Amino acid sequence: MKKYLVIGNPIEHSLSPLIHNHWMKKYRLFDSIYEKRKVEGKELKNIVKEIRDDKIVGVNVTVPFKKLIIPFLDKLDFTAKKTESVNTLFKIKDKVVGYNTDREGFALTMRELFPDPNDSVMPRALHGKNIFILGAGGVTSSIIDSLQHESAKIFLRNRTKKKAEELKKKYAEVEVLDWGKRPSTCDIVINTTSIGLTKNEKINIDFSDCGEDKDKLFYDLIYNPKETNFLKEARLRGNNTMNGQKMFLNQAIYSFNLWTNITPEIDDEVIKLLD
Ligand code: ATR
């Protein structure tokens, strides 16, 4: 059997096995199986060894290991190196390589959300926008990297301010705010924290002055649960909302393609599996 895994902690919320096993069946890869495994930091080295020893073919990496896995890898692809964030592992010529498919998964989601035939890198609709990002964890650099544009202003705040300041060193357009502060105006608010993975968790920020503005987008990277309190409050105010499902699927397409050379389809069954 060819074994694939998603590793993280917590991992219960991950729907990756559902999607990848569906595609494996659909594309007749009957010798392949994809599982989830809750791991501790001390087990990362061994996971990489299992890939090196061909016991596992491919791995997706999620919270909180996207950066922590890096020291154990033999090589990083360009985006993983730039963002210092890895979500996909695969062995190429005896080397366990860390890839980042989150960045392109998010960029593609933005291009789908704001279709723009003239600008394939960053949709024109995002130019000059004030973007407010909550969190500075392993995935946040992928989001900043894909929104990076000289005319976009990115405000960033994180409970541990030092991590936000580290990101600013790499991305000059970022302005770091204190935890508890928010910019006076923002067009897009993106939650990259894990607050909301558990049903009743709440991000305590007052966005009431954004009320009924359909042009304001509240985007949560979390896709399970489908509607976090952050998104629910925005929807009730009348703002535009989107959860992380599309990005999740887009990054999964890129990972599946790396492992199998097949570009899988988001068919009705995939959507049904996620509902
Ligand atoms: P990932 O790899 O998915 O980004 P991570 O690196 O563990 O996961 O990042 C989780 C993010 O959620 C971080 O920004 C974290 O803030 P800290 O850097 O201060 O730890 C944020 N986060 C998690 N729980 C939080 C909480 N209760 N309050 C505020 N921020 C929280």
Side-chain angles (χ1 to χ4, degrees), residues 5-16 36-44 47 59-73 76 79-80 82-89 98-103 105-106 109 131-147 154-171 174 176-182 189-207 219-225 228-231 233 243-245 247-248 250-252 255:
L5 274 186
V6 57
I7 57 165
N9 194 345
I11 198 63
E12 298 74 31
H13 65 281
S14 175
L15 299 180
S16 291
K36 53 176 128 180
R37 195 190 287 177
K38 183 175 172 181
V39 302
E40 304 296 331
K42 59 179 186 307
E43 294 172 75
L44 294 178
I47 296 276
V59 172
N60 279 134
V61 182
T62 186
V63 192
F65 300 125
K66 289 181 177 186
K67 188 170 180 179
L68 296 173
I69 191 84
I70 290 177
F72 305 105
L73 303 173
L76 297 179
T79 308
K82 186 164 179 229
T83 57
E84 292 179 87
S85 180
V86 164
N87 76 323
T88 306
L89 309 179
Y99 295 88
N100 176 328
T101 73
D102 282 330
R103 186 217 179 273
F106 183 74
T109 307
I131 302 168
F132 181 26
I133 298 180
L134 305 169
V139 75
T140 312
S141 54
S142 302
I143 306 303
I144 296 175
D145 202 83
S146 53
L147 290 169
I154 299 173
F155 298 92
L156 180 65
R157 65 172 238 185
N158 192 48
R159 179 179 57 179
T160 314
K161 193 175 177 188
K162 195 163 163 277
K163 275 158 79 179
E165 279 161 352
E166 284 300 312
L167 281 173
K168 184 179 171 51
K169 284 186 196 157
K170 225 178 334 186
Y171 299 103
V174 165
V176 175
L177 302 176
D178 285 334
W179 185 250
K181 290 263 162 53
R182 50 158 282 201
V189 185
I190 304 173
N191 176 38
T192 75
T193 74
S194 44
I195 308 171
L197 274 181
T198 310
K199 254 279 183 251
N200 291 320
E201 278 180 316
K202 260 188 157 182
I203 302 171
N204 290 317
I205 307 178
D206 183 10
F207 287 111
Y219 186 100
D220 203 321
L221 261 60
I222 294 172
Y223 61 89
N224 185 18
T228 56
N229 283 321
F230 170 73
L231 290 189
E233 285 168 11
N243 73 12
Q245 190 186 89
M247 176 188 172
F248 165 66
N250 287 335
Q251 63 77 30
S255 296

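Each ligand, and each atom within it, is numbered from 1 in the order the structure gives. Just so we're clear, the structure is a prediction, and the values are computed from it rather than from any experiment.
Remark: the backbone N or O of S85 is paired with a side-chain donor or acceptor of N100 at under 3.5 angstrom. Listed for the N229 side chain is no donor-acceptor partner under 3.5 Å among the backbone atoms of I203.
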Practice task
Let me see the working for E43 and R37 under salt bridge (Lys or Arg N to Asp or Glu O under 4.0 Å), right down to the final yes or no.
Solution key: CA-CA 11 Å; E43 294 172 75; R37 195 190 287 177; 5.6 Å; no
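The residue from L156, T62, T193, T192 that puts a heavy atom closest to atom 21 (C) of ligand 1 is T193. The heavy atom nearest to atom 4 (O) of ligand 1, considering only G196, G138, G8, A164, is found in G138.
For T228 and D220, the side-chain atoms include at least one donor-acceptor pair closer than 3.5 Å.
Of the protein's heavy atoms, V63 CG2, 3.1 Å lies nearest to atom 3 (O) of ligand 1. Annotation: atom 18 (O) of ligand 1 to nearest protein heavy atom, K163 NZ, 2.6 Å. Nearest to atom 9 (O) of ligand 1 among the protein's heavy atoms is G137 CA, 3.4 Å. Of the protein's non-hydrogen atoms, the one nearest atom 20 (O) of ligand 1 is R159 NH2, 2.8 Å. Nearest non-hydrogen protein atom to atom 15 (C) of ligand 1 is N158 OD1, 4.0 Å. Here the protein heavy atom with the shortest distance to atom 19 (O) of ligand 1 is T160 OG1, 2.5 Å. P64 CB, 3.3 Å is the protein heavy atom nearest to atom 7 (O) of ligand 1.
Residues meeting the ring pair (Phe, Tyr, Trp, His ring centres under 6.0 Å) test with F72, sequence neighbours left out: none. Remark: R159 pairs with no residue by the salt bridge (Lys or Arg N to Asp or Glu O under 4.0 Å) rule, at least two apart or across chains.
Close approach of ligand 1 to W179 (heavy-atom distance below 4.0 Å) involves ligand atoms 29 (C). With ligand atoms numbered from 1 in the order given, ligand 1 contributes 14 (O) to contacts under 4.0 Å with heavy atoms of A136. Within the listing of ligand 1, atoms 14 (O) sit less than 4.0 angstrom from a heavy atom of G135.
No side-chain heavy atom of F230 sits less than 4.5 Å from a side-chain heavy atom of I205.
At a 4.0 Å heavy-atom cut-off, ligand 1 touches S194 through backbone and side chain alike.
Backbone and side-chain nitrogen or oxygen atoms of I195 are examined, and none is located within less than 3.5 angstrom of a nitrogen or oxygen of ligand 1.
Ring geometry for F106 versus Y219: interplanar angle over 60°, hence perpendicular rather than tilted (30 to 60°).
The residue from L44, T62, N60 that alone fulfils the side-chain contact (heavy atoms from CB on, under 4.5 Å) condition with I7 is L44.
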